[in-house]
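Notes follow once the structure below has been shown.
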Amino acid sequence: MKNQESAISIQNLTKYYGKHKAVDGLSLNVERGDIFGFLGPNGAGKSTTIRSLLGLIAFQEGEAEILGMDVKTHHREILGKIGYMPSEAMFYPSMKVKEVIRFAADMRKLDCTAEAQMLCERLQVDQNKRIEELSLGNRKKVSIVCAMQHKPELFIFDEPTSGLDPLMQAEFFKLIMEYNKQGTTCFLSSHVLSEIKKYCKHAAIIREGKLICTDTVENLTRTNTKRIRMIRDGKEEDFVFKGDLNQLFAGFAGHDIEDIVIEEPELDEIFMHYYEEEAK
Amino acid sequence: MTVLKHEMKINAKSLLIWTLCVGLSCFGCILLYTSMEDSIKGMADPFSDMGVMSQALGMDKLSLATLSGYYATEIAMIHNLLGAMFAAILGTGLLSKEEAGHTSEFLNTFPVSRKSIVLQKYRSLLYNILIFNLVCTAMYLFGFFLMGEEIDGKAMALYHFASFFMQVEVGTICFMISAFAKRNLLGAGLGIAVLFFASDMMCRVVPAIEDLKYVTPFYFANASDIFTEEKLSGSMLAVGAVVTVCAFLIALYRYNKKDLAQ
């Protein structure tokens with residue numbers, strides 16, 4: 001497996017915790033330049049997949065490459081080219097923000113002063129505060145600066161927006177778009193469906209360690225699932241319909257239909273649709 | 001070098017406190033010798049004749065009536081025990097604190113191998129122990145200078161080398177434990193230091209457990225033996241070196257292989 005075109009290429013990745021399969025034969029491909037959403041509820045295996053890719057935990061079966069390099073044999077080279085933001089943004093409590101940002105740059109043997117300054121200004125990060133004084137949201141902002149300041153080829157973000165206020169979430173995605181225009185690939189794990197729909201080009205849905213589907217966000221949302229709002233026999237109804245619309249209309253015979261609106265469902269409804277399909 | 005610098009900075013306050021506390025306490029004890037000299041001289045004979053207790057404390061070999069004897073039997077014992085405790089506290093926290101403080105993901109996602117992280121953290125342990133010993137020894141020598149006493153330079157150098165080596169061994173064993181732990185096992189580290197100290201005293205007075213001398217590094221760092229014989233036990237040091245190297249290699253292997261907690 002040597003896929004130079006892919007930013008991330010995973011084949012049959014399996015990770016056990018004891019006897020429990022946390023990730024079960026996952027295969028996935030993320031093209032360079034993409035903004036890829038990795039969707040799944042808590043405990044679906046998103047973080048385990050990411051932590052396996054980064055070498056924080058060892059996986060038992062399968063292969064994975066990042067930027068054309070095997071994650072097991074080129075661990076250091078890969079880490080040099082990515083910016084990672086963990087779901088828990090934790091740093092050394094006694095350090096000042098500027099010391100943490102400097103430490104992150106020094107660990108990469110880079111001078112990222114200018115980029116870090118720009119990011120701190122845009123994200124409104126107070127560099128003189130100590131980490132122990134920061135809220136989760138402010139720690140997340142420090143984590144974003146540490147992940148972006150060295151302008152990596154690939155971002156890997158694990159639930160990046162939890163704890164960020166809406167203004168900062170918007171600024172964060174604005175930054176991602178800007179870096180993406182310069183060629184940076186973004187792999188974004190989330191359970192917030194709206195942000196995936198709004199910002200991602202492709203997405204994958206994972207459940208209980210297994211990949212349920214992967215496609216463009218546009219195709220994923222183009223299903224035979226429709227949201228129906230109607231007034232039937234004087235009663236308001238609002239439901240998600242899956243299947244042939246002719247069957248739906250046939251069921252209306254003998255009923256008084258005052259009004260009907262058929263629209264594309266929200267992404268979370270589609271998400272549930274894929275889950276239910278998989279469960280069958 | 002970034003991890004090494006970071007560890008030195010993070011542990012600087014602890015190093016300063018331990019060095020000043022131990023160094024000044026022992027320095028004070030040296031200066032107090034003059035005021036206690038007469039009463040200590042009076043106690044020297046009874047103390048050397050207390051059977052197993054005298055053996056355990058080395059007072060059967062050295063007399064409290066001299067500053068050298070007082071230093072080797074009393075002050076060196078305090079220095080050894082507190083130095084080992086400092087090394088143990090430092091060693092048990094170095095690797096495990098990353099997982100306990102949830103910073104392991106931050107530290108281990110930079111382009112630095114785990115091997116390098118372990119090596120740099122271990123070097124910080126060695127440097128901390130070295131600085132602690134250099135400053136404390138300098139304070140003791142200054143104490144002797146102020147007292148106008150001549151000290152056996154060779155015995156002093158051999159003892160402080162052995163004491164440093166003993167603390168490195170204790171620190172390395174605790175460092176190994178740290179590689180297995182997901183939380184800071186401070187109590188276990190301190191327990192190991194005290195257990196080794198007690199083992200040294202016990203194996204000197206109970207023939208049935210004499211072989212414990214090969215287990216506890218306090219045995220080869222015993223100042224009474226060193227000030228009496230003016231030499232170190234090569235075989236004991238070799239055992240200590242093997243234990244230290246093995247503990248370090250196990251720590252390196254374990255940390256390289258382990259799944260890091262979030």
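Proteins come first, then strands; the chains are lettered A, B, ... in the order of their sequence lines, and each starts at number 1.
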Just so I know, are the side chains of B:L107 and A:Y92 near enough to count as touching, which here means a heavy-atom distance under 4.5 Å?
yes
Measuring only between side-chain heavy atoms, which start at C-beta, is B:K9 closer than 4.5 Å to A:E99?
yes
Between A:S143 and chain B, with a heavy-atom cut-off of 4.5 Å, which part of the residue counts as in contact: side chain, backbone, both or neither?
neither
Measure the shortest side-chain to side-chain distance between B:F110 and A:L79 over non-hydrogen atoms and say whether it is less than 4.5 angstrom.
no
Looking at B:F180, I want to see if its CZ is surrounded by more than 12 non-hydrogen atoms of other residues, nucleotides or ligands under 6.0 Å.
yes
Engaged part of A:Y84 at the chain B interface, taking heavy atoms whose separation is under 4.5 Å
side chain
Nearest heavy atoms of B:L260 and A:I57, plus distance in Å
O-CG2, 4.0 Å
Does any part of the side chain of A:R51, heavy atoms only, come nearer than 4.5 Å to the side chain of B:E105, both counted from C-beta?
yes
Should the ring pair B:H6 and A:F103 be called parallel, tilted or perpendicular, given that the plane angle runs from 0 to 90° and is split at 30 and 60?
tilted
Heavy-atom side-chain contact between A:L56 and B:D259 under 4.5 Å:
no
Does any backbone or side-chain atom of A:M95 lie under 4.5 Å from a heavy atom of chain B? Answer side chain, backbone, both or neither.
side chain
Where on B:K257 is there a heavy atom nearer than 4.5 Å to chain A: the side chain, the backbone, both, or neither?
neither
Is A:A104 in contact with chain B via its backbone, its side chain, both, or neither, using a 4.5 Å heavy-atom distance?
both
For the CZ atom on A:R102, are there more than 12 heavy atoms of other groups (residues, nucleotides or ligands in this structure) within a distance under 6.0 Å?
no
Taking all non-hydrogen atoms of both residues, which atom of B:F106 and which atom of A:V100 are closest, and how far apart?
CZ-CG1, 3.9 Å
Is A:Y17 atom OH crowded by more than 12 heavy atoms from other residues, nucleotides or ligands, each under 6.0 Å away?
yes
Taking all heavy atoms of A:M107 and all of B:T2, pick out the closest pair and write down the distance.
SD-CB, 3.7 Å
Just so I know, are the side chains of A:E77 and B:P111 near enough to count as touching, which here means a heavy-atom distance under 4.5 Å?
no
Report the option among B:T109, B:N108, B:I10 that has the most heavy-atom pairs separated by less than 4.5 Å from atoms of chain A.
B:T109
